[in-house]
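Shown next, in structure tokens, is the structure this report addresses.
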Amino acid sequence: MTTTVESHPTRTGRRVPLSVTVSAWAVPVMVVGQFALISGVPVVIALVGALRRVLDQAVRRAAALVAVTYAIPLVIWLTRPDGAPSLSKDMHPGFAGLIVAASAALIVTLHRARRRLPAR
């Protein structure tokens, strides 16, 4: 009598960290909720987590896009001599829309990357 052992498929890439996913969701919520300056923390977490832990290039590009769209109004706010007391009040609504759209793109790419990896 012989027995067979089932082999589990090996992962081709690393798993998408939960911190990246939560940060990707937190950025648009915080920007829309008028906490734009504090939303820099989840932007950095999403960018660093995507660059260090995710092998999918689409996720890395989407995280970089979120970081760039956030950095533009931040730099404008920091360099303006007559800026508002908060980033949320100084940010043009178009930039807020771009940040939300870039975050949505990151969420979609994270979801696609998570679905592409085989389950353990």
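Along the sequence shown, the residues carry numbers beginning at 1.
With sequence neighbours excluded, the residues forming a side-chain contact (heavy atoms from CB on, under 4.5 Å) with Val48 are Val44, Arg52, listed by chain and number.
Of all heavy-atom pairs spanning Leu47 and Ala67, the tightest one is CD2-CB, 3.8 Å. Residues Leu51 and Arg60 approach most closely at O-NH2, 3.2 Å, considering heavy atoms. In terms of heavy atoms, Val59 sits closest to Ala113 at CG2-CB, 3.7 Å. Listed here is the closest heavy atom pair of Thr21 and Arg114: OG1-NH2, 2.7 Å.
Note that CG of Leu106 is 9.0 Å distant from CG of Leu65, once rounded to the nearest 0.5 Å. The line from CG of Leu110 to CD1 of Ile107 is 8.0 Å long, rounded to the nearest 0.5 Å.
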Give every donor-acceptor pair under 3.5 Å between a side-chain atom in residues 22-39 and any protein atom, sequence neighbours left out.
unit_1: Ser23; atom_1: OG; unit_2: Ser19; atom_2: O; d: 2.8
unit_1: Ser39; atom_1: OG; unit_2: Ala36; atom_2: O; d: 2.6

Side chains of residues 95-104: which donor-acceptor partners sit under 3.5 Å, not counting sequence neighbours?
unit_1: Ser103; atom_1: OG; unit_2: Ile99; atom_2: O; d: 2.9

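No continuous path of hydrophobic side-chain contacts links Leu18 to Val20 [ILVMFWY only; heavy atoms under 4.5 Å]. One hydrophobic cluster holds both Val68 and Val43 under the rule that ILVMFWY side chains link at heavy-atom gaps under 4.5 Å.
A 4.5 Å side-chain heavy-atom check between Leu74 and Leu87 finds at least one atom pair inside the cut-off.
Within the structure, salt bridge (charged side-chain N to carboxylate O under 4.0 Å, His left out) contacts touching residues 61-72 (residues at least two apart or in different chains) do not occur. Under the side chain to side chain donor-acceptor pair (under 3.5 Å) criterion, the residue pairs touching residues 84-101 are Arg80-Asp90, with sequence neighbours excluded. Sorted by first and then second residue, the side chain to side chain donor-acceptor pair (under 3.5 Å) pairs with a member in residues 68-79 form an empty list; sequence neighbours excluded.
No donor-acceptor distance shorter than 3.5 angstrom exists from the side chain of Arg53 to the backbone of Pro17, with no hydrogens or angles considered.
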